[in-house]
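Source: prediction; values computed, not measured.
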Amino acid sequence: MTNFKLHRRHFLQASGATILGAGLGYRPGSARAAVQLRLAHQLGESHPSYQAAENLAKAVEERTNGDLTIALFPNGALGSPPDMVKQTQLGALDLVMFNPPNIVAQDPTADVIQIPYAFDSYAHAHRVLGTTGRAWLDKFFERNGLTWVANFEYGFRALSNSRRPVNVPEDVKGLKLRVPPEFSIKATFDALGAVTQTIPFNELYLAMSSGTVDGQDNPVAVDYANKFYEVQSHIATTKHIYTSFMLVANPAMWERLSEEHRTILSEEALKAGQQAQVAVESGEEEMLAAMEKEGVQITRPDPTPFREQMAPAWAAMRERIGGETWDEWMSYVDAAREA
C-alpha cells in the first residue's frame with residue numbers, strides 16, 4: 001500500500017491549483033496572487049531526502065509569508081520517475097526530484113552519472129555534480145526541457161542477497177539479482193557474472209521473499225526504509241554506483257516566478273539538499289548497525305577488485321553514451337579528485 005503523506009494544507013492548495021490549471025491561486029487580503037507549486041518524487045517518509053523536501057516547503061512558505069508554497073506529492077503518488085519528469089516538462093508539475101538516468105531512454109548521455117566506480121566517495125560525487133560537472137548538467141537539463149535547482153541525495157548502492165556474504169567479485173557470480181530498468185546497473189552486474197532480471201520496485205520485496213531473485217541493489221537508506229532486511233540475510237557495501245537525486249523545475253514556471261521567489265527557492269533548496277546529503281552519509285552506519293541487529297551479515301568489500309572487472313560494462317556504456325561525451329564527463333570526474 002502506498003504510504004502517501006500529504007498535509008491537509010497542501011492538499012487544499014494542490015486541489016485549488018488543479019482547478020485553476022496554472023498552479024496559481026489568490027489569497028484574500030494579500031497584495032498579490034499567491035503562488036503554489038507542485039513538487040513530486042518517489043521517496044517514502046523515512047528517507048532523508050523526503051524529510052529535506054518537507055523542510056524546503058516549510059522554509060519557503062515561512063520566508064515568503066505564505067506567498068509561495070509547495071505542495072508535496074511523495075511515494076510516487078503521481079507516477080514513476082519518468083512519468084513525473086514528463087509531467088514537469090509539460091508543465092503539469094512544477095518541480096520534480098529524480099535521478100537523471102531515469103530518463104536515459106530520452107537522453108542516453110544521462111548515464112554518465114552512473115558509470116560504475118567513477119566516484120570514490122560522497123565528497124567526490126558532490127564535487128563533480130555540484131562543481132566540476134555543473135555546467136554540463138545545466139546543458140543536459142536545458143536540452144531536456146528542465147531547469148536545475150539543487151542536488152539532494154539518494155546514495156551509493158549496496159548489494160543485498162539471501163544466499164552468501166559478498167567480499168570479492170567471485171561471490172557475485174551466479175546470484176539472481178533484480179535490477180531496475182537502467183542499463184548502467186544491469187551492465188555492472190553482467191560484468192560480475194550475476195543473472196539479472198528487471199522487476200518493478202513495488203514487486204521487489206515479494207520477489208525476494210518468494211525466492212524469485214536472490215537479491216538486489218539499492219542505497220542502504222532504501223534497504224532500511226523498505227525493510228529488505230526481513231528477506232535478505234547479507235548486505236555488502238559495494239558502492240558500485242552512486243545514485244543522484246536532483247530537484248529540477250519546469251523552465252516556464254521558473255521564469256514566471258518573481259526574482260525574489262526564485263532566490264528564496266534556490267537558497268532553501270540548496271540548504272535542504274545539503275541537509276539530505278549529510279543525513280544520508282551520516283545515517284548509513286546507524287542503519288547498517290540496526291539491520292545487523294536484525295540478523296543481517298554486513299560486509300565491506302574492497303572496491304578495487306570489483307572496479308577491475310568493469311571493463312565490459314564501461315565499454316558497453318561508452319558506446320551508448322558516446323565516446324566524446326564519456327571523455328568529457330570523465331575529465332570532470334578527474335578534476336574533482338584534484339579539487
Side-chain angles (χ1 to χ4, degrees), residues 1-2 42-44 75-76 79-83 98-106 108 110-111 113-117 154-244 291 296-299 301 306-307 309-317 319-321:
M1 179 179 296
T2 299
Q42 82 265 27
L43 297 181
N75 288 297
S80 67
D83 292 337
F98 81 115
N99 178 32
N102 291 151
I103 60 167
V104 70
Q106 176 178 315
D111 253 350
I113 297 171
Q114 288 192 167
I115 295 172
Y117 291 104
Y154 205 65
F156 275 101
R157 302 180 82 88
L159 172 61
S160 73
N161 81 94
S162 58
R163 286 182 56 188
R164 55 178 175 259
V166 171
N167 289 292
V168 294
E170 289 73 18
D171 295 329
V172 180
K173 190 172 183 178
L175 288 177
K176 296 184 296 181
L177 299 180
R178 174 268 182 181
V179 294
E182 296 177 29
F183 183 82
S184 57
I185 298 174
K186 176 175 170 53
T188 298
F189 287 116
D190 285 346
L192 293 171
V195 179
T196 58
Q197 182 177 349
T198 300
I199 296 173
F201 184 81
N202 61 2
E203 299 175 14
L204 177 53
Y205 186 100
L206 178 59
M208 292 188 294
S209 64
S210 66
T212 301
V213 292
D214 299 319
Q216 57 85 49
D217 83 308
N218 259 300
V220 169
V222 176
D223 292 343
Y224 184 72
N226 291 276
K227 298 185 177 181
F228 289 163
Y229 52 82
E230 295 177 342
V231 292
Q232 299 278 269
S233 52
H234 303 280
I235 293 178
T237 58
T238 45
K239 297 185 177 180
H240 47 283
I241 282 178
Y242 173 82
T243 301
S244 66
M291 290 189 284
V296 178
Q297 182 179 355
I298 309 297
T299 58
F306 290 82
R307 184 182 290 112
Q309 301 295 315
M310 289 299 108
W314 290 338
M317 290 185 66
E319 182 177 356
R320 286 171 61 94
I321 292 169

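- Taking the side chain as every heavy atom from C-beta outward, Thr243 and Arg157 approach each other to under 4.5 Å.
- The shortest distance between side-chain heavy atoms of Ile185 and Pro180 falls below 4.5 Å.
- For the residue pair Asp223 and Gln232, no side-chain donor N or O sits within less than 3.5 Å of a side-chain acceptor on the partner.
- With rounding to the nearest 0.5 angstrom, the CG atom of Asp217 is 14.5 Å from the NZ atom of Lys239.
- Between Trp314 and Arg307, some side-chain heavy-atom pair lies under the 4.5 Å cut-off.
- Between Asp214 and Ser162, the side chains place no donor N or O within less than 3.5 Å of an acceptor N or O (distance only, hydrogens not considered).
- From Asn161, atom CG reaches atom CG of Leu177 across 7.0 Å, with rounding to the nearest 0.5 Å.
- Shown here are the ring pair (Phe, Tyr, Trp, His ring centres under 6.0 Å) partners of Phe98, two or more places apart in sequence or in another chain: there are none.
- Atoms CG and CG, from Leu159 and Asn218 in turn, are 10.5 Å apart once rounded to the nearest 0.5 Å.
- When all heavy atoms of Ser244 and Pro100 are compared, the pair lying nearest together is OG-CD, 3.3 Å.
- Ser233 and Gln297 share no donor-acceptor pair across their side chains, judged by distance under 3.5 Å alone.
- Side-chain contact check for Phe228 versus Leu204: some heavy-atom pair is nearer than 4.5 Å.
- One finds the OG1 atom of Thr238 at 11.5 Å from the CG atom of Asn167 (value rounded to the nearest 0.5 Å).
- Met310 places a side-chain heavy atom less than 4.5 Å from the side chain of Thr188.
- Of all the heavy atoms in Ala187 and Ala313, the pair that sits closest is O-CB, 3.5 Å.
- Leu175 is not listed as a side-chain neighbour of Leu192, based on a closest heavy-atom distance of 4.5 Å or more.
- Remark: Arg163 CZ to Lys176 NZ distance equals 7.5 Å, nearest 0.5 Å.
- The two residues Ser210 and Thr212 have their closest heavy-atom pair at OG-OG1, 2.9 Å.
- Minimum heavy-atom separation, Lys186 to Thr196: NZ-OG1, 2.9 Å.
- Within a 6.0 Å sphere centred on CZ of Phe156, other residues, nucleotides and ligands contribute more than 12 heavy atoms.
- Taken to the nearest 0.5 Å, the CD atom of Gln216 stands 12.0 Å off from the OH atom of Tyr205.
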Begin from the C-alpha positions of Tyr154 and Asn99 and carry the test side-chain contact (heavy atoms from CB on, under 4.5 Å) through to its verdict.
CA-CA 8 Å; Tyr154 205 65; Asn99 178 32; over 6 Å; no
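- Taking the side chain as every heavy atom from C-beta outward, Gln114 and Val104 never approach each other to under 4.5 Å.
- The heavy-atom pair separating Ser184 from Asp111 by the smallest distance is OG-OD1, 3.6 Å.
- Within 6.0 Å of atom CD in Glu230, more than 12 heavy atoms from other residues, nucleotides or ligands are found, so the atom counts as buried in its surroundings.
- Residues Tyr117 and Gln309 are not in side-chain contact: their nearest non-hydrogen atoms beyond the backbone lie 4.5 Å or more apart.
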